[in-house]
Amino acid sequence: MSKKKLSRGVALVGAGMSKFGAFPGLATRDLFVEAFQEMLTTIDKGIDPKDIEALYIGNYSSDLFEHQGHTAPIMADWTGLAPRPATRIEDACASSGVALRQGIIAIASGLYDIVLVGGIEKMSDLPTAEVTDTLATASDMLYEIPAGFTFPGFYAAMGTAYMHQYGATPESFMHVGIKNHNNGTLNEKAQFGATIRKIMDGKIAKAEAKGYPVPDWADEVEFLQDNRANPIIAWPMRLFDCSPISDGAAALLLVSEEIATQFTDTPLYIIGSGQASDVALHDREVLTSIKAARLAGQEAYEMAGVTPADIQGAEAHDCFTIAEIIATEDLGFFAPG
Amino acid sequence: MSKKKLSRGVALVGAGMSKFGAFPGLATRDLFVEAFQEMLTTIDKGIDPKDIEALYIGNYSSDLFEHQGHTAPIMADWTGLAPRPATRIEDACASSGVALRQGIIAIASGLYDIVLVGGIEKMSDLPTAEVTDTLATASDMLYEIPAGFTFPGFYAAMGTAYMHQYGATPESFMHVGIKNHNNGTLNEKAQFGATIRKIMDGKIAKAEAKGYPVPDWADEVEFLQDNRANPIIAWPMRLFDCSPISDGAAALLLVSEEIATQFTDTPLYIIGSGQASDVALHDREVLTSIKAARLAGQEAYEMAGVTPADIQGAEAHDCFTIAEIIATEDLGFFAPG
Amino acid sequence: MSSHTITQTTYQQQLADGKLMASHCPACNASYLPPRPMCPQCFGAQMEWREMPTHGKLAAFTVVHIAPTAMIEAGYGRDNPYCSGIVELENGLKISAQITGVDVSQPELIQIGSAVQAEFLQREAGAFLAFEVIE
Amino acid sequence: MSSHTITQTTYQQQLADGKLMASHCPACNASYLPPRPMCPQCFGAQMEWREMPTHGKLAAFTVVHIAPTAMIEAGYGRDNPYCSGIVELENGLKISAQITGVDVSQPELIQIGSAVQAEFLQREAGAFLAFEVIE
Ligand SMILES: [Zn+2]
Ligand SMILES: [Zn+2]
């Protein structure tokens, strides 16, 4: 396939996000309005929202989480943008990433100059077993789910394959969780906003205050090895290896390159984008790498004319600790293993 | 807003469809493979399917109908197209129409030259009450569904408003159903493939054969007025005013204008496309017309440089008989009323 | 950012208290029903609650025979159809609601334009807005 | 077009009969598990059923403590975890299945590469493919 190129340039000029967490009593639309309102404040030179021409909304399963389909037009209506075209993109965990890509493509096509991209999910209304069922619909209901797999289970299976191939241990994964919870404290919108150390110290303090036996965890790893403090979800993935059940929304404003400086003197130009799909886990040649991620990364690098060594910052998908390890390898930041 | 224009032309060079009906034992993927296989046979000069670069799959609610999300990559896998990028578009009844539009946009963007567009739905596995619930998720679960509305109910309410405003009667709607069932007999893939007259005569013959009292319907309208033969779903919409619960799939092949004649000497060029969103029924200024349809039609006409009078054939959405009446008015083929 | 004061959850509690509440934008002097947290005219999020009139007229309706699960659980269905409709309040705002006080066995006699009055149905599943035809 | 001979429904019936069946493309001489109605190599739809070997080795696994509803209904869950995995058959094809014959309380002792043998679990919800670790 020849090198891919967009017909015209696209820039990012605004971004907003709701707080992330479990918010009983709030609907997806409430969170999206929160993200949209913040996005409007981030556009340096301002915007009349009526100039927005279309919406691309990434959402995995409002159908099962909220029993609400036809989700994109509701987001358009609630942000005052109806009757603009509103399209929902569903690609499981990648839904919002793909929505961003469709927004880029739509501007490149010449059809629109100003596009709102949203990412929304409201997971916390369902009990855990139904959340587990809903996440499992991202795998193959006919051939994978009858085997008892859950979504954490798939990544856990990649984890055991990874341990077998490279000699990693459950503790290797725990260090990813410790790092990411540290990062979370730097983001005021993060769900927990606490280091594993702080969570551990909190539990010790609570035990002391209540007169319970005080746990004798020497460090975070010992805390994370404790079945009671960090129960197994799908071995080797434990609670703190898994991203939580979250509610949240994000909003981005994309504009065509020609008009980007009308909104800010420092637009972020989109220089590369990639997308690929993959097959059921059992049909993959290797179980310790995700081909779709490798191909998507490669496409984006080629479009941008850069190599992994040029990348200074990345947000990789880290639904599970093993997922981040594999993603950073597939994107070329680290050698396999 | 200025007139919209695509950066480059797009053409349709292949189309396939599965049979439509209720197919217990078949999954969405089976129907999509059927449509894909037929599509391949319709490309005059042939194609190597490996040249297809991306898929856009329109699907309303595999999540609730089949408990299967992440639907697009499964379609890519089952048609041998993984790891091509596969994107699912959800926009309720318009899902597949919007998927077609995204396919057009994607080629116009310069990113792809050959795109497969799919439309899939497998509705018949659920009992009727759950199908009713699933279709209702296309409306507003927070503010419309608590009122007891169903999806047929919304169109029925537009029907009563239409009757009030223009003096139409339930019989006006029945004539649409009679016409559409006549049309259905011309399509070998249609679910019923029988005229209302034939269905009526069949019921009379069955009553005679079994020695039951023979109904004395004078014509199709009397048949359709009979509560037992044509039960009310949501008055004034009766069974034969409503599209059935169907399983089916369609596949289209889009290519960039430059390469269209590699596939056929008679490509169908896409000359216009439009999309818009609408608000909850109670928030619409008028209840007898659909603003989103009017705007989308207008956008497509302007892009194509044509007027409704230039159109010789149209497939309007006719989920309910009143829907077709309103759609043909909103698209400018008939004056309101 | 937003303090999320205008939500469906609060609206629902107000229905349970027998009040039909809309959100109101002081900047535009416009009310919105159902209530929305952001004004679609000025894009401001400083919305306030405002009580709505309880009288209006019927703008559209249907009599539902094939009911969704929630209404079946409330006792409706093929043998006990019900009327749903859209009501235009005295101030011009419209809202979806169940319609009572009509003969569902004779839907052709239900009149668009009929005067209606709000009632608040208390069911096991919660409070539901309805309007009774009063003329 | 297609006569739909290769479906999950038929595969499922074959599991109930104690057979693990793949689809086979005569043109490519390639088998596919799970069975698929179209060959992803030659795009042909003339697929045939072919019985698979019942022996293989464990390629990946997990022990699930937080179970989906279907497995909870089958008696599993937090207090009764189970093992799911991917098995590579003797002919190289891989498939997802429940894994039995392992000590789920000591997942660190479960060995990738262990020899396994197919078994067909009959539950109220139907037949399910499993593999028992036999060494
Ligand atoms: Zn305002
Ligand atoms: Zn083949």
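Note on naming: letters A, B, ... go to the chains in the order of the sequence lines (proteins, then strands), and numbering restarts at 1 for each one. Quick caveat, the model's predicted, so the values are computed rather than measured.
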(request) Decide if atom CD of D:Glu51 counts as having more than 12 heavy atoms of other residues, nucleotides or ligands within a radius under 6.0 Å. (result) yes
So for [X], is it side chain, backbone, both, or neither that comes closer than 4.5 Å to the heavy atoms of chain A?
| X | value |
| --- | --- |
| D:Tyr11 | side chain |
| D:Leu93 | neither |
| D:Phe61 | both |
| D:Ile112 | both |
| D:Thr9 | neither |

(message) For D:Lys94, is there an ion pair with D:Glu88 - N to carboxylate O distance below 4.0 angstrom?
(response)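 Answer for the salt bridge query: no.
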(message) Under a 4.0 Å threshold between the charged nitrogen and the carboxylate oxygen, would A:Arg101 count as salt-bridged to A:Glu299?
(response)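 Yes, this pair counts.
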Under 4.5 Å from any heavy atom of chain D - which part of [X]:
| X | value |
| --- | --- |
| A:Glu285 | backbone |
| A:Leu287 | side chain |
| A:Leu281 | both |
| A:Ala136 | neither |
| A:Thr160 | both |
| A:Thr169 | neither |

(message) Between A:Glu90 and A:Asn59, do the side chains contain a donor N or O and an acceptor N or O under 3.5 Å apart?
(response)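 A:Glu90 and A:Asn59 do not have a side-chain donor-acceptor pair below 3.5 Å.
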(message) I want to check something: taking the side chain as every heavy atom from C-beta on, are A:Val221 and A:Gln225 in contact at a cut-off of under 4.5 Å?
(response)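 They are in side-chain contact.
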(request) Test side-chain hydrogen bond (donor to acceptor under 3.5 Å, both in side chains) on D:Ser84 and D:Gln98 and set out the steps. (result) CA-CA 4 Å; D:Ser84 292; D:Gln98 191 175 338; over 6 Å; no
(request) Check each of D:Ser23, D:Cys25, D:Pro26 against D:Cys39 using the side-chain contact (heavy atoms from CB on, under 4.5 Å) test, and report the only one that passes. (result)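 Option passing the side-chain contact (heavy atoms from CB on, under 4.5 Å) with D:Cys39: D:Cys25.
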(request) May I ask you to check whether A:His282 and A:Tyr143 place their ring centers less than 6.0 Å from one another? (result)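 Ring-ring flag for A:His282/A:Tyr143: false, centres at least 6.0 Å apart.
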(message) Tell me which of these, D:Cys83, D:Ala59, D:Ala70, D:Pro107, has more heavy-atom pairs under 4.5 Å with chain A than the rest.
(response) D:Pro107
(request) Mind ranking D:Ala74, D:Ala125, D:Pro35 by heavy-atom pairs under 4.5 Å with chain A and telling me who comes out on top? (result)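 Most heavy-atom pairs within the cutoff with chain A belong to D:Pro35.
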(message) Treating A:Arg284 as the side-chain partner and A:Val279 as the backbone partner, does any N or O pair qualify as donor plus acceptor under 3.5 Å?
(response) yes
